[in-house]
Structures are given as structure tokens and as C-alpha cells.
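Owing to the predicted nature of the structure, the values given are computational and were not obtained by experimental measurement.
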There are 2 protein chains.
Amino acid sequence: MVSRDKLPPLASIRAFEAAARLESFARAAQELGTTAASVSYHVRQLEQQTGLRLFVRHPHRVELTMAGVAVASEATAAFAALRASFVKARDRDEARLSLTALPTLGTSWLTPRLGLFRARHPDIAIELELSAEPQPLGDGRFDAAIRHGLGDWRGLRSVRLFPVLFTPLCAPGLKGAVGDLEDPSRPLGVPLLGRPDWWASWYRALGVAAGPPPGRFGTSLAAEHLDIAAAVAGHGIAIGSPILFRDEIAAGRLVPAHDLVAGDGRAFWFVYPVVRLQSPKIARFRDWLCDEAAAATAPMRNLIDHAVILEP
Amino acid sequence: MVSRDKLPPLASIRAFEAAARLESFARAAQELGTTAASVSYHVRQLEQQTGLRLFVRHPHRVELTMAGVAVASEATAAFAALRASFVKARDRDEARLSLTALPTLGTSWLTPRLGLFRARHPDIAIELELSAEPQPLGDGRFDAAIRHGLGDWRGLRSVRLFPVLFTPLCAPGLKGAVGDLEDPSRPLGVPLLGRPDWWASWYRALGVAAGPPPGRFGTSLAAEHLDIAAAVAGHGIAIGSPILFRDEIAAGRLVPAHDLVAGDGRAFWFVYPVVRLQSPKIARFRDWLCDEAAAATAPMRNLIDHAVILEP
DNA sequence: CTAGAGGCTAAGCCATATTTATGGTCAGCC
DNA sequence: GGCTGACCATAAATATGGCTTAGCCTCTAG
């Protein structure tokens with residue numbers, strides 16, 4: 001005899017439950033997407049395991065026994081509860097999407113657009129955390145992230161948004177004060193703002209091996225968007241992405257200080273764990289985000305195509 | 001995305017539930033009688049199917065997420081309910097054992113012994129129905145049967161109890177009045193009781209081709225045990241089983257009218273559906289019945305071994 | 001600092017469940 | 001009253017899915 005409190009095979013219970021509810025092996029097979037023979041096998045299996053007679057077989061119909069009725073009703077309830085618990089968990093999970101992104105991207109590009117997402121998907125609340133350090137996904141804190149890099153994070157699905165680019169940007173009033181930007185050895189009149197390594201990269205893209213000397217830089221700020229804000233205030237020439245700061249340029253608060261747009265081969269990616277490929281809320285956000293990224297890059301096609309991409 | 005109300009694979013839910021309850025894949029594997037790799041696989045499977053993150057993986061321990069806690073508690077409850085329903089159904093089913101048997105065996109052999117079974121197994125109530133026609137098993141009316149035959153009923157498990165034998169029996173006072181039983185053509189002085197075909201078989205076993213002429217028989221009764229009762233009353237010589245009527249013989253109410261014991265190759269069998277091999281109540285009754293049959297036949301070993309068995 | 005425990009991944013195998021095919025029985029229907 | 005179709009049982013072959021095995025990494029404990 002089978003142990004008194006061991007659960008019989010669940011597949012068999014499932015087949016039995018459907019057969020009992022539908023009062024037919026054939027219909028149960030249909031519901032379960034299998035064959036009547038399979039249902040018959042499973043029900044018999046269950047009867048043998050439990051020692052209970054669950055169905056009385058009549059030549060072309062089956063009838064539940066007393067024991068069968070009792071077990072079936074409880075099994076139906078148990079399966080319903082199980083299904084309900086998953087649905088409920090998913091509903092709750094669906095209502096909140098937690099993201100992490102880099103401060104610059106979050107502040108200058110993502111935040112202004114999130115309202116549009118919320119308007120289109122009012123059932124999903126977005127939580128956005130900004131941090132310079134990439135936060136790990138998969139520990140339950142974040143559903144997805146926007147990162148920059150090469151898109152090769154293992155265990156994560158990466159969807160490319162747009163390339164990481166940089167170009168000198170300054171306030172319109174400063175444009176005249178800018179001397180010969182192309183030669184880092186000649187005095188410039190205004191300080192450079194932003195990460196020195198980006199400036200160095202940009203000069204490499206220009207064909208100049210030596211980056212600007214340290215004395216050229218103004219106050220060093222924590223993040224790209226802060227440098228840009230400083231540039232808007234007329235404190236110098238910042239280096240930044242023409243895609244991220246397109247609105248500033250379009251509004252005339254910033255102008256390119258030079259035509260050359262450089263890139264380092266990296267891009268911004270929307271990333272989320274492969275195990276959550278099936279998550280509808282992530283899929284919805286991803287699709288929306290891709291559309292936004294496409295809309296943001298389409299008018300800049302020409303600029304992007306002519307960017308000088310350095311080998312990483 | 002997986003359909004909103006489709007139940008994920010039950011095997012995966014089961015693995016997850018155990019892992020959640022025990023807070024360890026390794027212990028869950030142990031409980032489920034499988035390996036940690038399998039549990040890991042199933043949990044991952046479930047997470048992919050549902051799009052829910054259920055566990056946070058720490059290097060050498062796992063931790064339930066919010067969603068995991070919610071699902072796990074409901075899953076545990078659902079499984080418990082399922083298990084309970086089977087246990088309850090079995091308990092209820094266990095309390096009553098319904099049997100069908102032949103009238104003669106039931107009246108003369110089984111009924112006197114049932115009290116002993118009840119005394120030893122007070123939790124099982126026996127229902128016994130006697131009928132000359134073999135009742136079908138498997139339609140829910142009877143759990144098991146005692147039949148006579150060759151033990152080759154398909155779909156049924158047969159356990160041999162003792163052989164079907166027959167020998168002439170009469171009241172002690174009649175023994176002297178019996179003439180030459182061995183020659184069916186010579187007058188006998190007393191009528192023969194019981195089924196003419198059994199008498200014919202008995203004479204064949206004796207080596208006499210011709211059975212007794214019809215005129216030799218007394219009143220024809222419906223069942224063997226009624227013939228035996230008539231014999232006890234001194235109305236003639238009955239043919240019947242020395243095993244079934246052992247008590248009558250031991251008490252001196254009947255004596256063998258001849259030494260020859262014949263058999264037709266058949267036996268009494270305890271039979272029950274193969275699908276109920278696991279049924280504890282049937283197993284208990286079967287074991288008890290076999291013991292009783294063994295106890296009843298042991299003292300008659302010699303007699304049984306010397307019986308003349310006819311080819312069926 | 002080593003040993004042990006816990007978990008992940010990958011790959012190959014095996015078992016389990018399903019399919020396919022056949023047969024039998026009954027109900028409905030010309 | 002036979003025919004046809006629906007339904008279930010059974011058996012054998014197949015295939016898919018899940019298990020196991022083996023190796024690795026990380027962390028904890030002694």
C-alpha cells in the first residue's frame with residue numbers, strides 16, 4: 001500500500017479532476033490537450049495508487065463513485081486555489097515595475113518620457129532608481145534596468161536603445177568665445193566640462209592623439225547631466241550625448257561646439273533577466289521604450305550615421 | 001506570455017512548494033526523493049512560465065521573494081487539502097467492506113468465521129451478500145468476492161483458498177442403511193441428495209462411467225448446504241465438500257458414506273479487481289481469509305492430497 | 001585555510017506518459 | 001434491424017521531458 005500521507009502523482013490527479021468535472025474521459029482529454037487513452041491511463045493509475053475506486057466504467061460512459069465525487073470536488077477546489085494564487089501573485093506583481101538606470105539617462109531622457117508611459121499604461125506604476133553603479137538584477141529589487149555597455153551581460157536579455165555618443169556642447173552665447181577646439185594644445189578661453197576620458201576619446205576620434213591637459217578643465221562634477229547643466233549656464237563646454245540632450249539643443253539652450261560626434265562603441269540597453277522573458281509588464285515597458293528610443297533617434301539618423309566610433 | 005489562467009506544470013509547483021517550505025533546494029530534493037539539480041530546474045521552470053521571480057538566489061542559500069511567499073503558502077495549503085481529501089476518502093472507504101459469495105460457502109464456512117474478523121478488525125464493517133450467480137466486481141457494488149472456478153478471471157486478482165471437493169455424506173444413523181454405494185445400478189435403500197452432475201463426477205472419479213439413474217435422487221433443493229441440512233436430518237446421502245462441512249463431521253452430525261473424495265479441479269478463490277491491489281481493507285481481509293483457509297485445510301491435508309481430481 | 005555544504009550549469013540518458021491503432025459496446029437513426 | 005458514430009479499454013511503439021551525473025563556484029564553519 002502506498003504511504004498514507006503521500007500525494008499521488010499530480011498528473012494523474014489532474015487528469016482525474018478534469019474527467020470528473022466533465023464527466024467524460026474524451027472531454028477531459030480535449031481540455032487537457034491530450035488523448036482519451038492518456039486520461040484513461042492516468043485515472044487507472046490514480047485508482048491503483050490510492051486503492052480507491054473513483055469511476056465506475058460503463059460501456060460507453062463513466063460514472064463517479066462516492067469516493068470519486070468526494071475527491072473530485074476537493075481536487076477541483078485545490079486546483080482552483082492554486083491557479084488563483086498564481087494569478088493573484090502575478091496581478092500584484094504586474095502593478096509595479098521597478099527600474100534602475102544611470103542618473104544622466106534617467107534625468108535627461110527617461111524621466112520626461114515616463115509620464116507618457118504612465119498615461120498609456122495606467123495599470124503599471126513605475127519605480128525608478130538612479131545610480132551611477134549598475135545595480136544587480138535578479139535579486140528581487142529591480143525588474144529591469146537601463147545600462148550602457150556592449151550588451152553582453154550573461155543571464156540578462158539586452159535590447160539596444162541607441163548608441164552612447166559624445167560631442168562638445170555649449171551655451172549659444174559661448175560659441176563665439178570658443179577658440180580652436182581642434183587643437184588641445186592651444187588656449188581655449190573657456191573651461192572644458194565633463195569626464196576627461198571622454199574628452200580624450202573625442203580628441204582621438206578627431207585624430208588628435210593627445211587629450212586636453214588637466215589645466216583645461218573646469219569644476220569636476222559628479223555626473224554628465226550636471227556638466228551639461230553647467231554648460232547651459234554658460235560655464236564652459238561640456239561633452240555629452242546629442243541624443244540625450246536633444247531637447248536642450250532643440251530649445252536653443254545648447255549648441256554644438258563642433259561638428260564631430262564620437263562614440264565608444266557602447267550603447268544604452270534595456271536589460272532584464274532571461275527568466276522573466278514571459279513577464280508581461282516588462283514586455284510592455286520594453287516595447288514602449290523601444291518605440292520611444294526609435295522616435296528619439298529617427299530624426300538624428302544622419303548624425304548617428306556620421307559619428308566616429310572608436311574601437312572600445 | 002503564458003495564458004493567464006493556465007496552471008503551470010504541477011511537478012514544478014510541487015518542487016517549488018517543497019523548496020519554499022523547507023527553505024532549501026537540497027532538503028526539498030531529499031523530501032521529494034530527487035536531486036537538488038532537479039529542484040533547481042523545476043523552480044527555474046516555474047519562474048519562466050509565470051514570469052514571477054519566486055526565489056532570490058544567494059550564493060549558498062535561497063530566499064523567497066514576496067511573490068514567492070504568497071504563492072508558496074497557497075500552494076502548501078492546496079497540496080495539503082488535496083492530500084487530506086484522499087486520506088479522508090480512503091478512511092471512509094476503509095470502514096466498509098462489501099463482499100459477495102456463493103450461498104453454500106457463505107452460510108456454512110464464511111459466516112461462522114466473520115465474527116472473528118470483526119473482533120480482530122473492529123474498524124471494518126463487513127457486508128456480505130450471497131447469491132448463486134457470480135456478481136460482477138468493479139461496478140462499485142462489491143469490493144471483493146469469493147468465487148469458485150479456475151482462478152482465471154481477467155481484470156481480477158485471484159487468491160486460492162481451497163479446492164472444491166465432494167464426497168458422500170450422511171447422518172450417522174443412516175450409515176448402516178446404505179447398501180453398496182459403489183455400484184450405481186444396485187438399489188441403495190436411501191435417496192441421493194445434491195446435484196446429479198456432482199454425483200456423476202464422483203462416480204467417474206470412482207471409475208464408474210454411468211452416473212446414478214434419475215430415480216435414485218430425492219427431493220431436489222436449491223443449494224448444496226440445503227442438501228447437507230437434509231442429510232443431517234437423515235433424509236438421504238448428500239454430496240458435498242468435506243472442507244465446507246467439516247464442522248458437521250467433527251460434531252458427529254454427518255459421517256462420510258464413502259472414503260472417496262473427488263474434485264473437479266476447481267477451487268474457491270478470493271477475488272478482487274487488480275486496480276484495487278493497493279486497497280488496505282481488501283488486503284487485510286484477504287490476509288485474514290487466507291489464514292483461515294490455511295487453518296481450515298491444514299488438518300485435512302491428507303484427505304485433500306488423496307482426493308481424485310477429474311480433468312475439468 | 002581547508003573542508004564541507006549549497007547551489008548552478010550542461011549534457012546525456014532513461015523512464016514516463018503519450019500517441020497510435022485496434023477492438024468492443026451501446027445509442028441513435030434511417 | 002442492421003449501420004454508423006461515440007465512447008472507453010488495451011497494447012505496443014514512440015518521444016518528450018525530467019532526472020541524474022559530473023564539474024564548478026561561492027560562501028561558511030571549524
Check whether any side-chain N or O of A:Arg96 sits under 3.5 Å from a backbone N or O of A:Ala125 as a donor-acceptor pair, and report yes or no.
->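 The answer is no, because no donor-acceptor pair under 3.5 Å joins these two groups.
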Mark yes or no for whether B:Ser73, through its side chain, and B:Ala70, through its backbone, hold a donor-acceptor pair below 3.5 Å.
->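 It does hold such a pair.
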Atom [atom1] of [X] and atom [atom2] of [N]: how far apart are they, to the nearest Å?
| X | N | atom1 | atom2 | answer |
| --- | --- | --- | --- | --- |
| A:Tyr41 | C:dA21 | OH | C1' | 18 Å |
| B:Arg27 | C:dA5 | CZ | C1' | 11 Å |
| A:Glu47 | D:dA9 | CD | C1' | 13 Å |

It should be established whether [X] places a side-chain nitrogen or oxygen under 4.0 Å from OP1 or OP2 of nucleotide [N].
| X | N | result |
| --- | --- | --- |
| A:Arg44 | D:dT10 | yes |
| B:Arg57 | C:dC8 | yes |
| A:Thr35 | C:dT18 | no |
| B:Thr34 | D:dG18 | no |
| B:His42 | D:dG17 | no |

Geometric class of the A:Phe270/A:Phe285 ring pair [parallel <30°, tilted 30-60°, perpendicular >60°] =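 Tilted: the ring planes of A:Phe285 and A:Phe270 meet at 30° to 60°.
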Selection from [options] that lies nearest to any side-chain heavy atom of [X]:
| X | options | answer |
| --- | --- | --- |
| A:Ala37 | C:dA21, C:dA17, D:dT20 | C:dA21 |
| B:Phe25 | C:dC8, D:dT20, D:dC8 | C:dC8 |
| A:Ser38 | C:dT18, D:dT21, C:dA21 | C:dT18 |

For A:Gln45 and A:Ser12, test the side chains for any donor-to-acceptor distance below 3.5 angstrom and give the result as yes or no.
->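 No, because no side-chain N or O of A:Gln45 sits under 3.5 Å from a partner of the opposite role on A:Ser12.
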